[in-house]
Amino acid sequence: MTATAATTALVIQNFPRGGPGRWAPWLAAAGVTPVLVRAYAGEPVPDRLGHAALLVLGGGYLPDEDDRAPWLAPTRALARQALEEGTPYFGICLGGQLLAQVAGGEVRGEHGRPEFGSTPLRLRPEATGDPLFTGLPPRPTAIQNHVDAITRLPDGAHWLAESEGCPYQAFRVGELAWGVQFHPEAEAAGVLRWNEERLRRYGYERAALHRAALADEAGAAEVWGAVAGRFAGMVRRGPDRA
């Protein structure tokens with residue numbers, strides 16, 4: 001069956017190794033076709049969002065670092081459109097920071113404790129009523145890879161999850177826009193491609209991170225696969241999702 005705009009999600013990729021990972025097959029299995037824009041490679045970001053959802057992936061930039069990543073300006077415009085029009089949005093790492101900034105929060109570079117590898121999260125009370133996070137295990141794990149951080153959530157945002165090293169791990173703006181600091185799309189094998197010198201600079205060892213991520217992989221895949229499926233379900237329901 002050919003995907004239509006009503007069953008597609010625009011996915012903005014900001015970094016060569018920062019693709020949608022296992023979220024692509026998870027969304028497809030739930031009836032939503034990802035349409036990937038490799039913005040880092042010069043593929044144009046649309047002026048208007050002509051899809052049923054928007055996903056913005058991670059990357060080694062701040063959300064307004066337009067001098068290094070000029071495609072971030074049109075990506076922010078799409079995020080604003082999604083918020084204004086009630087189009088489902090999911091932002092991962094940089095994509096979550098971009099949502100926070102567009103909605104009025106704050107992001108700082110090289111802030112707080114860097115996090116790498118599989119990390120325990122804590123769901124907060126507001127997760128109980130959230131369409132994507134309700135009913136998840138209270139202490140799920142997720143792969144992290146960040147040194148920048150959100151320092152203030154937008155006014156009125158729903159704070160859903162935290163970690164010991166970074167408070168704003170997951171949040172929702174309005175009814176249909178989610179941002180996460182972690183990488184629910186990432187698999188343990190990807191850790192082996194991380195820059196060893198950079199990891200050592202922050203006190204981490206790649207092989208140990210890989211072993212820990214492997215140990216947590218099955219449980220993490222079950223949790224974040226469920227979240228991807230719930231998000232896809234909301235996308236497919238369209239205006240009737242309320």
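Under a hydrophobic-cluster definition in which Ile, Leu, Val, Met, Phe, Trp and Tyr are linked whenever side-chain heavy atoms come within less than 4.5 Å, directly or via other members, W159 and V102 are assigned to the same cluster. Note on V37 and L57: separate hydrophobic clusters, where clusters join Ile, Leu, Val, Met, Phe, Trp and Tyr whose side-chain heavy atoms are under 4.5 Å apart, directly or indirectly.
Contact annotation: the side chain of V45 approaches that of I12 to within less than 4.5 Å [non-hydrogen atoms, C-beta and beyond]. Inter-residue side-chain proximity for I92 and H183 is flagged as met; some heavy-atom pair is nearer than 4.5 Å. Side-chain contact between T119 and F182 is absent, with no heavy atoms from C-beta onward closer than 4.5 Å. Side-chain contact check for H146 versus C166: some heavy-atom pair is nearer than 4.5 Å. Within the 4.5 Å cutoff, side-chain heavy atoms of L132 are placed close to those of V227. Side chains of D64 and L98 form no contact here, defined as non-hydrogen atoms less than 4.5 Å apart. A 4.5 Å side-chain heavy-atom check between R230 and T134 finds at least one atom pair inside the cut-off. Side-chain contact between Q97 and Q181: present, with at least one pair of heavy atoms (C-beta onward) separated by less than 4.5 Å.
When all heavy atoms of P140 and V223 are compared, the closest pair comes out as CB-CG1, 4.2 Å. Of all heavy-atom pairs between A157 and E126, the closest is O-OE1, 4.4 Å. Contact between P63 and V107 at its shortest, heavy atoms only, is CD-CG1, 4.0 Å. A228 and L27 make their closest contact through O-CD2, 3.8 Å (heavy atoms, listed as atom of the first residue, atom of the second, distance). The shortest non-hydrogen separation linking F171 to G96 is CZ-O, 3.3 Å. Here the closest non-hydrogen pair linking A188 and H210 is O-CD2, 3.2 Å.
D67 CG: more than 12 foreign heavy atoms inside a 6.0 Å radius. Heavy-atom contacts from other residues, nucleotides or ligands closer than 6.0 Å to CZ of R17 number 12 or fewer. By the neighbour-count criterion of 12 heavy atoms within 6.0 Å, atom CZ of R122 is densely surrounded, having more than that number from other residues, nucleotides or ligands.
Taking the ring centroids of F231 and F90, they lie under the 6.0 Å cut-off.
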Next item on the list: Please test Y40 against E43 for side-chain contact (heavy atoms from CB on, under 4.5 Å), starting from the C-alpha separation and ending with a verdict.
Entry: CA-CA 7 Å; Y40 69 89; E43 294 181 0; over 6 Å; no

Next item on the list: Under the side-chain contact (heavy atoms from CB on, under 4.5 Å) rule, what do R80 and L83 come out as? Steps first, then yes or no, please.
Entry: CA-CA 5 Å; R80 292 188 188 95; L83 286 173; 5.7 Å; no

Checklist line | Stepwise side-chain contact (heavy atoms from CB on, under 4.5 Å) check, L99 with V173 | finding: CA-CA 8 Å; L99 173 63; V173 176; 4.2 Å; yes

Margin query: Evaluate L121 against T141 for side-chain contact (heavy atoms from CB on, under 4.5 Å), listing each step before the verdict.
Written below: CA-CA 6 Å; L121 309 177; T141 63; over 6 Å; no

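Annotation: cation-pi geometry not satisfied between R206 and W194 (NZ/CZ under 6.0 angstrom from ring centroid, within 45° of ring axis).
A donor-acceptor pair under 3.5 Å links the side-chain atoms of E65 to the main chain of L62, judged by distance alone. Proximity of a side-chain donor or acceptor of W224 to a complementary backbone N or O of A226 within less than 3.5 Å is not detected.
S163 contributes atom OG, which lies 5.5 Å from atom CD of Q144 (distance to the nearest 0.5 angstrom). Rounded to the nearest 0.5 angstrom, N195 CG and N145 CG are separated by 10.0 Å. In this structure, CD in E162 is found 5.0 Å from CZ in R124, a value given to the nearest 0.5 Å. Atoms CG and CG, on L10 and L49 in that order, are 6.0 Å from each other to the nearest 0.5 Å. Atoms CG and CD, on L55 and Q13 in that order, are 12.0 Å from each other to the nearest 0.5 Å. In this structure, CG on N14 lies 6.0 Å from OG1 on T75, to the nearest 0.5 angstrom.
Ring geometry for F116 against Y204 counts as perpendicular: the plane angle is over 60°, on a 0 to 90° scale with 30° as the lower cut. Classified by interplanar angle (parallel below 30°, tilted 30° to 60°, perpendicular above 60°), the ring pair Y61/W71 is perpendicular.
Look at E205 and R200 and you find no salt bridge, because none of the NZ, NE, NH1 or NH2 atoms lies under 4.0 Å from a carboxylate O. Look at R48 and E85 and you find a salt bridge, because one of the NZ, NE, NH1 or NH2 atoms lies within 4.0 Å of a carboxylate O, short of that distance. Ion pairing between D130 and R172 holds under the 4.0 Å rule for side-chain N and carboxylate O.
A side-chain contact (heavy atoms from CB on, under 4.5 Å) with Y168 is found for exactly one of L153, V180, L160, namely L153.
Applying the side chain to side chain donor-acceptor pair (under 3.5 Å) criterion to S118, with sequence neighbours excluded, gives D216. Residues passing the salt bridge (charged side-chain N to carboxylate O under 4.0 Å, His left out) test with R198: none are found, sequence neighbours excluded.
In the model, Q81 has no side-chain atom that pairs as donor or acceptor with a side-chain atom of T87 under 3.5 Å.
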